[in-house]
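To find a chain, count down the sequence lines: A is the first, B the second, and so on, and within it residues start at 1.
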Protein chains: 2
Amino acid sequence: MEQSAEVYGLSRSAGRIYGVLYFSGEPLSIPELVDKTGYAKSTISNVTRTLTRIGLIHRRSSEGGGRRVQYTAEREIWFILQDVFQQYVQREIQTSLRTIQRAQAQLSEDNDTDAERIEELQQTYEDLQEIVTLTSNFTAAELRDALESYDK
Amino acid sequence: MEQSAEVYGLSRSAGRIYGVLYFSGEPLSIPELVDKTGYAKSTISNVTRTLTRIGLIHRRSSEGGGRRVQYTAEREIWFILQDVFQQYVQREIQTSLRTIQRAQAQLSEDNDTDAERIEELQQTYEDLQEIVTLTSNFTAAELRDALESYDK
DNA sequence: TCGTTTGTTCGGAGTGAGCCGAACAAACAA
DNA sequence: TTGTTTGTTCGGCTCACTCCGAACAAACGA
């Protein structure tokens, strides 16, 4: 889990905390996470916030109205990863497309080779954007099926 | 280009160097790259090595047999990025799958809930691996087409 | 009321990555 | 040969990031 987390741009501690929650049968509070992970209280606090924002874990603030906060792990990893990945890549693609358009506008009209290159870039990025958008509607199994059954 | 590079796990300098090469009509040597990018000679040397290893740029050591080395940018970004991404993700998936299998072996047989969770994980990762493998045979346009024409 | 528990915020230590400059090796020009 | 240009390697600097501990705020129990 810790290794996987780094691939997705998260910290080791995030991976570990998620892993403990994933395999824990019951919701856990911050002190319990401190015990089971060995991290400092402040670390748990910060990491749980970002994980909650991302959607990888959920915060159940109830349990009898007490102050104690409980966390549970989201089990449908696939959708979460899709979501994170999508936000991550979509934003990058969009800023890139904007940059490309700005570049096109500033291009002097006699510069053919640069124009052509920018055109290529734009095409690639537009394909990418479409792919990412489409992918977000699929489950892992569907995606697999779509790719396997496609005949060129 | 610099921003995009970071998304793919490369440094700013790598993005910049690739960008300069991408829009340059002719192959460039290290001193020329130093001029156009503003980076130090050593940085150019190091970054060009990794970019060459990845396949994003090519090294033409010839030009009249001189010592001067020339670099050109690979224009088919799609395949290269696929390749890099694939290596990146595949490795992670495989180590994860190995870890999962080791975990399964060590599990006491009476622990049903943990076994079930590990089963889920394994399924997701196997789907992921299959998807990544399949994807590598597609062009951007084909992938787009496959997803658009697939009917659940 | 006062002590205890829980959670957040802030400043700082440790660490790794990116980049630079200097030193060095190799090839060319004179 | 000697000086110049090109390319690589090495040590160090800086910056960002992760995590920790301390201080603080909020809610509870006595």
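Here B/Glu2 does not pair with B/Arg12 in a salt bridge; the nearest charged N to carboxylate O distance is not below 4.0 Å. Ionic pairing of A/Glu32 and A/Lys36 is not present here: no N-O contact between side-chain nitrogen and carboxylate oxygen is shorter than 4.0 angstrom.
For C/dA17, the OP1/OP2 oxygens have no side-chain nitrogen or oxygen of B/Arg12 closer than 4.0 Å. Distances shorter than 4.0 Å separate none of the side-chain N or O atoms of A/Ser11 from OP1 or OP2 on D/dC17. Proximity of A/Arg49 to the phosphate of C/dT9: a side-chain N or O atom is located under 4.0 Å from OP1 or OP2.
In this structure, CD of A/Glu6 is placed 16 Å from P of C/dT15, rounded to the nearest angstrom. Taking atom CG on B/Asp35 and atom C1' on D/dT6, their separation rounds to 13 Å, with Å as the unit. A straight line from CD1 of A/Ile44 to C1' of C/dT8 spans 14 Å, rounded to a whole angstrom. A straight line from CG of A/Leu33 to P of D/dC19 spans 14 Å, rounded to a whole angstrom. Look at CD1 on A/Ile30: it is 15 Å from P on D/dA27, rounded to the nearest Å. Put simply, CZ on B/Arg16 is 14 Å from C1' on C/dC19, counting in whole angstrom units. In this structure, B/Arg60 atom CZ and D/dT6 atom C1' are separated by 20 Å, rounded to whole Å. What separates CG of B/Asn46 from P of D/dG11 is a distance of 14 Å, to the nearest Å.
In terms of heavy atoms, A/Ile131 sits closest to B/Leu147 at O-CD1, 3.9 Å.
In this structure, the nucleotide among D/dT9, C/dC19, D/dC19 sitting nearest to the side chain of A/Thr43 is D/dC19. Of the candidates C/dG7, C/dT9, D/dT8, the closest approach to any side-chain atom of A/Arg68 belongs to C/dG7. Of the candidate nucleotides D/dC19, C/dT9, D/dT9, D/dC19 has the atom lying nearest to any side-chain atom of A/Ser13. Taking only side-chain atoms of B/Ala40, from C-beta outward, the nucleotide of D/dC20, C/dG7, C/dG21 with the closest atom is C/dG21. Closest approach to the B/Ser29 side chain among D/dC10, D/dG7, D/dG21 is made by D/dG7 (side chain taken as heavy atoms from C-beta onward). Nearest to the side-chain atoms of B/Tyr39 among the listed nucleotides C/dG7, D/dC19, C/dC19 stands C/dC19.
Annotation: cation-pi geometry not satisfied between B/Arg117 and A/Phe23 (NZ/CZ under 6.0 angstrom from ring centroid, within 45° of ring axis).
Residue contacts shown for A/Arg59 are limited to sugar-phosphate atoms, with no base heavy atom under 4.0 Å away. When heavy atoms are screened at a 4.0 angstrom cut-off, A/Ser45 is found touching base atoms of the nucleic acid. Among the heavy atoms of the strands lying under 4.0 Å from B/Gly38 are primed sugar atoms or P, OP1, OP2 only; no base atom is included.
In this structure, the side chain of A/Gln123 does not engage the main chain of A/Glu120 through any donor-acceptor pair within 3.5 Å. Proximity of a side-chain donor or acceptor of A/Gln3 to a complementary backbone N or O of B/Ser96 within less than 3.5 Å is not detected.
Ranked by how close their nearest DNA chain C nucleotide is to the 5' end, B/Lys41 and B/Val47 are led by B/Val47.
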